[in-house]
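As the structure is a computational prediction, the values presented were derived from the model and not from experiment. The chain is numbered in sequence order, starting from 1.
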Amino acid sequence: MGLQQFGSLINNKTFLLLFIRTLESQSSFTIKDKSNVASLLIVVLQSKMDYATDILKVLLADLIEKGVDQDRARLLMRRNESVAEKFVSNWLSFLLHSYLQESAAAPLYRLFRAIKIHVERGPVDAVTADARYSLNEGKLIREILEYETLNIYAIGLDPAKDPVEVKVLSIDTIMQAKEKIMDALYKNVPYSQRPSPDTVELEWKNTSGRLTLQDENDYTKGDGEWKRLNTLSVYEIRNGASITLINKQGCNSTLTHPRYMNSHVTSSPSRSMSPMLGQGDSENSVKVCHLVKHGDNDNQEGDRGNRMVSEIFLTRLLYTKGALQKFVDELFATILNVRREAANVPLPIKYLFDYFDDQAKENGITNPEVVHAWKSNSLPLRFWVNLIKNPDVIFDIHKSDAVDACLSIIGQTLMDSCSVSEHQLTKESPSSKLLYAKDIPNYKKLVAEYYTEIQRRPAVSDQEMNRVLGDHSTKHKYDFHEQTALNELYYTYVRKYREIILSGLESDEFAQKNKLSFKFEQVEHLMNETNV
């Protein structure tokens, strides 16, 4: 009963706006809190998206007015530092879900698959995620490696099924080979429905009998403080070998080693996060490596002659870029609606962009670059870039760290394409900027034309938008647990800021007319009774 009454208060516009403004005025209300409240509110209001949109417009108007007063209008939506900004991101995510399914999901998935296939054609370090083929210079393997591509035959857990031919590399670790084999055996099965790599092993039948392949065992080579992971070449596996996937017997600690839990990757490729074995005894600890001893031997004279010059790095970057170019172009063309078909511009985008245009006029903003920044910060940067960098949010897939490094470069390219400022490129510029230097002017043109085309189209009436919002609410009314979100809002935020919220209700004229302070205290009473 108490939560139901609290839900009624949330549906009171005066209360909800005062609630949000009161929370945001508190220094202890962090950016994480703002994001959390915005997310909880959009869940609570999922069945009332017309009301949620009304609240969104008021919050945005407040934020824009505040930005104009502080001469920070251009930064709107740039940092997601307010409830309003995060609310916009959630609002777009919900309302563009159908459009994403029908239009943009396919080219995004094709881009992901193209990157994965291309990256896995060459060596990938299992510890550092550095790769021979990448768009990210910081994640390139710089050593010259000798290896060969092997065609092996994989037999799944069901021996009655025919073997599947799989391409692996002679310097793949056992885990890497296992992942490639499982990708081939379960290529039409969602990743979450496949057997976990931790629960299966690879068995190789050779002339001496059957051998279970492992990343670490008696074959593992030690080199001082380093321990190098086993590869297929260590086992002398050749072209045409048959390898069987079997259920794991007993416990193999290597399969749950931290290096397979994404703990080794950081945003800075210069920092080594190589896992340590024997961490309890620092004197006897051993660093694990695969292809390169990351971070330790870069400056030693013995390695210097084996490292390639930067021109070769650039050649490999350009080769990877060329292999992926059509997939990047296809995705950007879809996102920026190159076909200019009316049906391909979702009404929520038109409605939001028109609102930005109207707010610019109301606040006397005449610089078109400011409104351009609002639109870019809200749609491409907060929605599309997030999906490009995190396709595993919408697809049931596994995104490796090497693939992630490439996706980040493509996401950054879209961000650069939305900027109205011109960046002067020099020899010191990041390779990612140089890599797409010739493409970005064309992408920038597409962005500008996209915004102009949306602005040119007839305005979306409130009635038409309410119909879209109503259809969405009806379709997704039961997708989320509204009561759970209300419960978290109340116990995490209402109780913490109870005094300041009540004080605001008692001093606000409209809240007084609606007796909101009394209703708020009733909610408290009912919630306390529930906990007795």
J.: Ignoring hydrogens and geometry, is there a side-chain-to-backbone donor-acceptor pair from Asn136 to Gly138 under 3.5 Å?
T.: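 Flag set: sc Asn136 to bb Gly138 pair under 3.5 Å.
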J.: Got a donor-acceptor contact below 3.5 angstrom from the Ser473 side chain to the Met49 backbone?
T.: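 Present.
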J.: Start with the C-alpha distance between Gln101 and Leu96, add both sets of side-chain angles, then the distance that settles side chain to side chain contact (heavy atoms under 4.5 Å, CB included), and finish with yes or no.
T.: CA-CA 9 Å; Gln101 284 183 312; Leu96 296 184; over 6 Å; no
J.: Parallel under 30°, tilted from 30 to 60°, perpendicular over 60°: which one fits the rings of Tyr133 and His118?
T.: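 Geometry flag for His118 against Tyr133: tilted rings.
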J.: With side chain to side chain contact (heavy atoms under 4.5 Å, CB included) as the test, would you mind laying out the steps for Leu17 and Arg21 before giving the verdict?
T.: CA-CA 6 Å; Leu17 290 173; Arg21 290 163 178 164; 4.0 Å; yes
J.: Hey, what's the ring geometry for Phe15 with Phe19, parallel, tilted or perpendicular (30° and 60° as the breaks)?
T.: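 The rings of Phe15 and Phe19 lie parallel, inter-plane angle below 30°.
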J.: Side chains of His472 and Gln46: is there a donor and an acceptor less than 3.5 Å apart?
T.: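 Judged by distance alone, the side chains do pair up.
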J.: In Å, rounded to the nearest 0.5 Å, how long is the span from CD1 of Ile410 to CG of Leu331?
T.: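 Here the interatomic distance stands at 8.0 Å.
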J.: Backbone N or O of Asp401 within a donor-acceptor pair of the Lys139 side chain at under 3.5 Å?
T.: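 Side chain of Lys139 to backbone of Asp401: no pair is present.
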J.: If you measure from the Lys or Arg side-chain nitrogens to the Asp or Glu carboxylate oxygens, is any gap between Lys180 and Glu120 under 4.0 Å?
T.: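 A salt bridge is absent here (no side-chain N lies under 4.0 Å from a carboxylate O).
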J.: Only one of Ile501, Val37, Thr22 forms a side chain to side chain contact (heavy atoms under 4.5 Å, CB included) with Tyr493, so which one is it?
T.: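 Answer to the side chain to side chain contact (heavy atoms under 4.5 Å, CB included) test with Tyr493 among Ile501, Val37, Thr22: Val37.
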J.: Can we say Arg457 and Glu453 salt-bridge, meaning some charged N sits less than 4.0 Å from an Asp/Glu carboxylate O?
T.: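 Salt bridge present between Arg457 and Glu453.
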J.: For Ser378 and Lys375, indicate whether the former's side chain and the latter's backbone hold a donor-acceptor pair under 3.5 Å.
T.: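 Yes: the side chain of Ser378 pairs with the backbone of Lys375.
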J.: Please examine the side chains of Leu41 and Leu16, heavy atoms only from C-beta on, and report whether any two atoms are closer than 4.5 Å.
T.: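 Heavy-atom side-chain distance check passes, below 4.5 Å.
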J.: With a 4.0 Å cut-off on N to O distance, would you call Asp62 and Lys66 a salt bridge?
T.: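 Here Asp62 does not pair with Lys66 in a salt bridge, since their nearest N and O are not under 4.0 Å apart.
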J.: State whether the side chain of Arg495 and the backbone N or O of Tyr490 hold a donor-acceptor pair below 3.5 Å, judged by distance alone.
T.: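 Here the side-chain-to-backbone pair does not exist.
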J.: Does the Glu24 side chain pair with the main chain of Val83, one donor and one acceptor, at a distance under 3.5 Å?
T.: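 Checked: pair present.
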J.: Check the surroundings of atom CD in Glu521: do more than 12 heavy atoms from other residues, nucleotides or ligands lie under 6.0 Å from it?
T.: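 Result for CD/Glu521: enclosed.
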J.: Donor-acceptor pair, Arg132 side chain versus Leu140 backbone, under 3.5 Å?
T.: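 Pair absent, no side-chain N/O of Arg132 close to backbone of Leu140.
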J.: Going by atom types only, do Gln325 and Lys321 share a side-chain donor-acceptor pair under 3.5 Å?
T.: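 There is such a pair between these side chains.
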J.: Go through the steps for Gln455 and Asp357 under the test side chain to side chain contact (heavy atoms under 4.5 Å, CB included), then give the verdict.
T.: CA-CA 8 Å; Gln455 188 178 46; Asp357 291 333; 3.4 Å; yes
J.: Is it true that the side chains of Asp33 and Thr30 contain a donor and an acceptor less than 3.5 Å apart?
T.: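 Checked: Asp33/Thr30 side chains pair up, N/O donor to acceptor below 3.5 Å.
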J.: Just how far is it from atom CG of Leu111 to atom CZ of Phe327, taken to the nearest 0.5 Å?
T.: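 These two atoms lie 8.0 Å from each other.
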J.: Between Ser507 (side chain) and Ser503 (backbone), is there a donor-acceptor pair under 3.5 Å?
T.: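 Yes; judged by distance alone, with no hydrogens or angles, the pair exists.
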J.: Compute the centroid of each ring, for Phe353 and then for Tyr451, and state whether the two points are separated by less than 6.0 Å.
T.: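 Under 6.0 Å, so yes.
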J.: Any sub-3.5 Å donor-acceptor pair from Tyr355's side-chain atoms to Lys57's backbone N or O?
T.: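 Side chain of Tyr355 to backbone of Lys57: a pair is present.
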J.: Without placing hydrogens or testing angles, list every side-chain donor-acceptor pair under 3.5 Å for residues 365-373, not counting sequence neighbours.
T.:
residue: Asn367; atom: OD1; partner: Glu369; partner atom: N; Å: 3.0
residue: His372; atom: NE2; partner: Cys418; partner atom: O; Å: 3.0

J.: Taking the side chain as every heavy atom from C-beta outward, state whether Leu100 and Leu387 have any atom pair closer than 4.5 Å.
T.: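 They are in side-chain contact.
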J.: Check this for me, if you would: do Glu524 and Arg498 make a salt bridge, where the nitrogen-to-carboxylate-oxygen distance has to be below 4.0 angstrom?
T.: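 The answer is yes: the pair qualifies as a salt bridge.
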J.: Could you check Asp354 against Lys350 for salt bridge (Lys or Arg N to Asp or Glu O under 4.0 Å), going step by step and ending with a plain yes or no?
T.: CA-CA 6 Å; Asp354 281 357; Lys350 169 64 177 172; 3.1 Å; yes
J.: State, without any angle test, whether Tyr443 and Asp329 hold a side-chain donor-acceptor pair at a distance under 3.5 Å.
T.: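 There is such a pair (donor and acceptor under 3.5 Å, judged by atom type) between the side chains of Tyr443 and Asp329.
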J.: Do the ring centers of Phe480 and Phe94 come within less than 6.0 Å of each other?
T.: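 For Phe480 and Phe94, the ring centres are under 6.0 Å apart.
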J.: How far apart are the C-alpha atoms of Leu379 and Leu352, what are their side-chain angles, what is the distance that settles it, and do they pass the side chain to side chain contact (heavy atoms under 4.5 Å, CB included) test?
T.: CA-CA 10 Å; Leu379 181 63; Leu352 180 64; over 6 Å; no
J.: Verify the distance criterion only: is there a donor paired with an acceptor across the side chains of Tyr436 and Asp416 at less than 3.5 Å?
T.: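 Note: Tyr436 and Asp416 side chains miss the donor-acceptor criterion.
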J.: Using side chain to side chain contact (heavy atoms under 4.5 Å, CB included) as the criterion, point out the one residue from Asp404, Val403, Ile397 that pairs with Asp392.
T.: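 When Asp404, Val403, Ile397 are each tested with Asp392, the side chain to side chain contact (heavy atoms under 4.5 Å, CB included) holds only for Ile397.
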J.: Has the side chain of Asn90 got a donor or acceptor atom that lies under 3.5 Å from a matching backbone atom of Ile42?
T.: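 Between the backbone of Ile42 and the side chain of Asn90 there is no qualifying donor-acceptor contact (under 3.5 Å).
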J.: Any salt bridge (Lys or Arg N to Asp or Glu O under 4.0 Å) pairs touching residues 83-97, not counting sequence neighbours?
T.: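 Sorted result for residues 83-97: empty, none.
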J.: Test side-chain hydrogen bond (donor to acceptor under 3.5 Å, both in side chains) on Asp462 and Tyr351; report intermediate values, then the result.
T.: CA-CA 9 Å; Asp462 288 336; Tyr351 190 78; 3.1 Å; yes
J.: Glu488 vs Asn36, test: side-chain hydrogen bond (donor to acceptor under 3.5 Å, both in side chains). Steps then yes/no.
T.: CA-CA 10 Å; Glu488 186 172 344; Asn36 196 34; 3.2 Å; yes
J.: List the atom of Val523, the atom of Gly2, and the distance in Å for their closest heavy-atom pair.
T.: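 Shortest heavy-atom separation between Val523 and Gly2 comes out as CG1-O, 4.0 Å.
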